[in-house]
Amino acid sequence: MGRGREFLRKFIVILIIAGMVLGSVAMAAVYCFADEAPAESAEEETAKKDPSAEPEITAEAAILYCENTGEIIYSKNEDARMKPYSITKLLTALLAVRNLSMDQTVTVSAAAAGQGGSSMELKEGEQVKVKDLLYGTLVVSGNDAAYALAEAVSGSATDFVNLMNKTAANIGCKNTRFSNPSGLSNDISKHYTTAEDFLQIAKLAFSDDTVRKIAGTSEYTVTATNKSEERKLEEHTELLPESGKNGIVAAKTGYWDDDNCTIAVCYDKDGLRLIAVILGDKAEERAEDVLALTKYAENTIQGVTVVKNGEAGGNVRVRHGAVTKIEAYAAEDGIAYLPAGASESLITTEAVMKDDVEAPVEKGDVVGVYRIYVADEMVNEVDLIAGEDVRTGWLPSYLGISNRTAAIAGCVAGALLILFMWIKIHNARVRRARKRMHKRQVYEMAMEELRREQEKKERGWRY
């Protein structure tokens, strides 16, 4: 009995210790999961966040405009007076493009070469083409290049600034004033604009093909001049190298310090065209604010899917191919964005095939485009791609005859040749048979005649 009680007592102690260990483990697990729960909840909350909700940006002022619909999609303190900094150069570049030849040579003045801040590193007396100065102005935001263009247009920077202010007023800017052609000013009493006003300038500047192209260039090489070796220019924003993904096709930044930045961008993706202006932003947040605005537009502006990815767009001719005609298919969805209140009946389409498609062709090769129009204005263009591989054809393919057609034609020609030969052989046999029959008939007639003569002779002998 004593041993039994001792065994029972030890067993109970072991159970108690085991329970305490398991309880500790359970409590630790509870605390662990409790710590992770808020993170998961935050992720879920982010995932469930309405994508059409207005974005929260750090910029003091901003505006987002949709060219397709003609509407302001987003605005924040759009009429607040702000410092534009180097986005000023968009207007400078536009006026230079309108008034100067791209191949015109400009001699850099001492005043231009002496401009502080961002620089193209021009030298006094250096002879530079207008085209190179434009790239210097918009790609590296050269204050010296902007000043040189201003003098080339108006003779002096002062007269050019007057032209800038007159132009701004003429396009409806009511709260904008410029004091220099570069934006190198932190004095809001002399050099200022609003997001609403600068949108008008950005719309005008980005509508110019030359300005938009240069403002969308990441790198540019300036050829050697009379005072400088060849130099490579690189743009200041990380948005342009990703233009194929984020839709930013042109941009101009402004910078005073990390807490005082601006930017104006042109967006064009899947037929959606936007212009955004951001003022009073931080260097670290500027690009994120731009992408937040464009994503907001993508989620809120409803487009009409005119052609779907993979939809047949028509036939394209293939020269020298095993087949001479193949089906082309849309490489992606083609979307049209209509002005507010517009009818879908305004949408028209046109499939345009390349006329120089030559074998060999690989499946997926671009062989044409599908153009989408709204009220006769092209608003989107979707690549049409080959739906199959096409190898080089036989010799008849150079006459536009496919291998299949050539093979069928060959078979038909062979069959006709065989039929012709059979007819010739058959006719020859018939002729030979007729000759033999004719000879037999002649022979039989001769024999018959001979038999008759013989009979006559025999009758004569009898009598």
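Positions are given from 1 along the sequence.
Here E358 pairs with R319 in a salt bridge; the nearest charged N to carboxylate O distance falls below 4.0 Å. Between K295 and E298 a salt bridge is recorded (basic side-chain N to carboxylate O distance below 4.0 Å).
Environment of CD in E362: sparse, with no more than 12 heavy atoms of neighbouring residues, nucleotides or ligands closer than 6.0 Å. Within a 6.0 Å radius of CD in E344, no more than 12 heavy atoms belonging to other residues, nucleotides or ligands are found. The local environment of CZ in R231 is crowded, with over 12 non-hydrogen atoms from other residues, nucleotides or ligands closer than 6.0 Å. Residue-environment remark: CD (E234) exceeds the threshold of 12 foreign heavy atoms within 6.0 Å. Atom NZ of K269 has more than 12 neighbouring heavy atoms from other residues, nucleotides or ligands inside a 6.0 Å radius. Residue-environment remark: CD (E121) stays at or below the threshold of 12 foreign heavy atoms within 6.0 Å. Crowding of K325 atom NZ: a count of heavy atoms from other residues, nucleotides or ligands under 6.0 Å not exceeding 12.
In this structure, the side chain of D197 engages the main chain of K174 through a donor-acceptor pair within 3.5 Å. Checked by atom type and distance alone, the side chain of Q115 pairs as donor or acceptor with a backbone atom of A111 at under 3.5 Å. For S228 (side chain) and A224 (main-chain N/O), no donor-acceptor pair under 3.5 Å exists by modelled atom type.
Between I347 and I372 there is a side-chain heavy-atom pair separated by less than 4.5 Å.
Within the structure, side-chain hydrogen bond (donor to acceptor under 3.5 Å, both in side chains) contacts touching residues 276-287 (residues at least two apart or in different chains) are T58-D281, D259-K282.
Taking the six-membered ring for Trp and thresholds of 30 and 60 degrees, F178 and F198 have ring planes more than 60 degrees apart, a perpendicular arrangement. Between Y296 and Y74, the ring-plane angle classifies as perpendicular under the 30° and 60° cut-offs.
A cation-pi geometry, defined here as NZ or CZ lying under 6.0 Å from the six-membered ring centre and within 45° of its normal, does not hold between R212 and F206. Geometrically, K203 engages Y65 in a cation-pi contact, judged by NZ or CZ lying under 6.0 Å from the ring centre and within 45° of the ring axis.
Side-chain atoms of T223 and E230 include no donor-acceptor pair closer than 3.5 Å. In this model, no donor atom of one side chain and acceptor atom of the other lie less than 3.5 Å apart for N162 and N165. Side-chain contact annotation: K252 with S141, donor-acceptor N/O pair under 3.5 Å present. Residues D132 and Y220 bring a donor and an acceptor atom of their side chains to less than 3.5 Å of each other. A donor-acceptor pair shorter than 3.5 Å cannot be found between the side chains of E381 and Y370. Side chains of D187 and S185: a donor-acceptor N/O pair is absent below 3.5 angstrom, by distance only. Between the side chains of S179 and H191, at least one donor N or O sits under 3.5 Å from an acceptor N or O. Between the side chains of N260 and K83, no donor-acceptor pair is found at a separation under 3.5 Å. Side chains of T305 and D333: a donor-acceptor N/O pair is absent below 3.5 angstrom, by distance only.
With sequence neighbours excluded, the residues forming a side-chain hydrogen bond (donor to acceptor under 3.5 Å, both in side chains) with D159 are S156, listed by chain and number. Legend: residues meeting side-chain hydrogen bond (donor to acceptor under 3.5 Å, both in side chains) with T294, ordered by chain and number and at least two apart, are absent.
When each of D103, T105, N99 is tested with S101 by the rule side chain to side chain contact (heavy atoms under 4.5 Å, CB included), just one qualifies, namely D103.
Atom OG in S86 sits 11.5 Å away from atom OH in Y255 (nearest 0.5 Å).
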*Which is it for K89 and N143 under the side chain to side chain donor-acceptor pair (under 3.5 Å) test, yes or no, and what are the steps along the way?*
CA-CA 9 Å; K89 294 184 177 78; N143 296 325; 2.8 Å; yes
*Step by step, would you call R273 with E67 a salt bridge (charged side-chain N to carboxylate O under 4.0 Å, His left out)?*
CA-CA 5 Å; R273 301 194 301 270; E67 288 188 355; 3.1 Å; yes
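When all heavy atoms of V106 and A152 are compared, the closest pair comes out as CG2-CB, 3.8 Å. Nearest heavy-atom pair, L64 versus A276, reported as atom, atom and distance to 0.1 Å: CD1-CB, 3.8 Å. Taking all atoms of both residues into account, the shortest heavy-atom contact from T176 to T194 is OG1-N, 4.2 Å.
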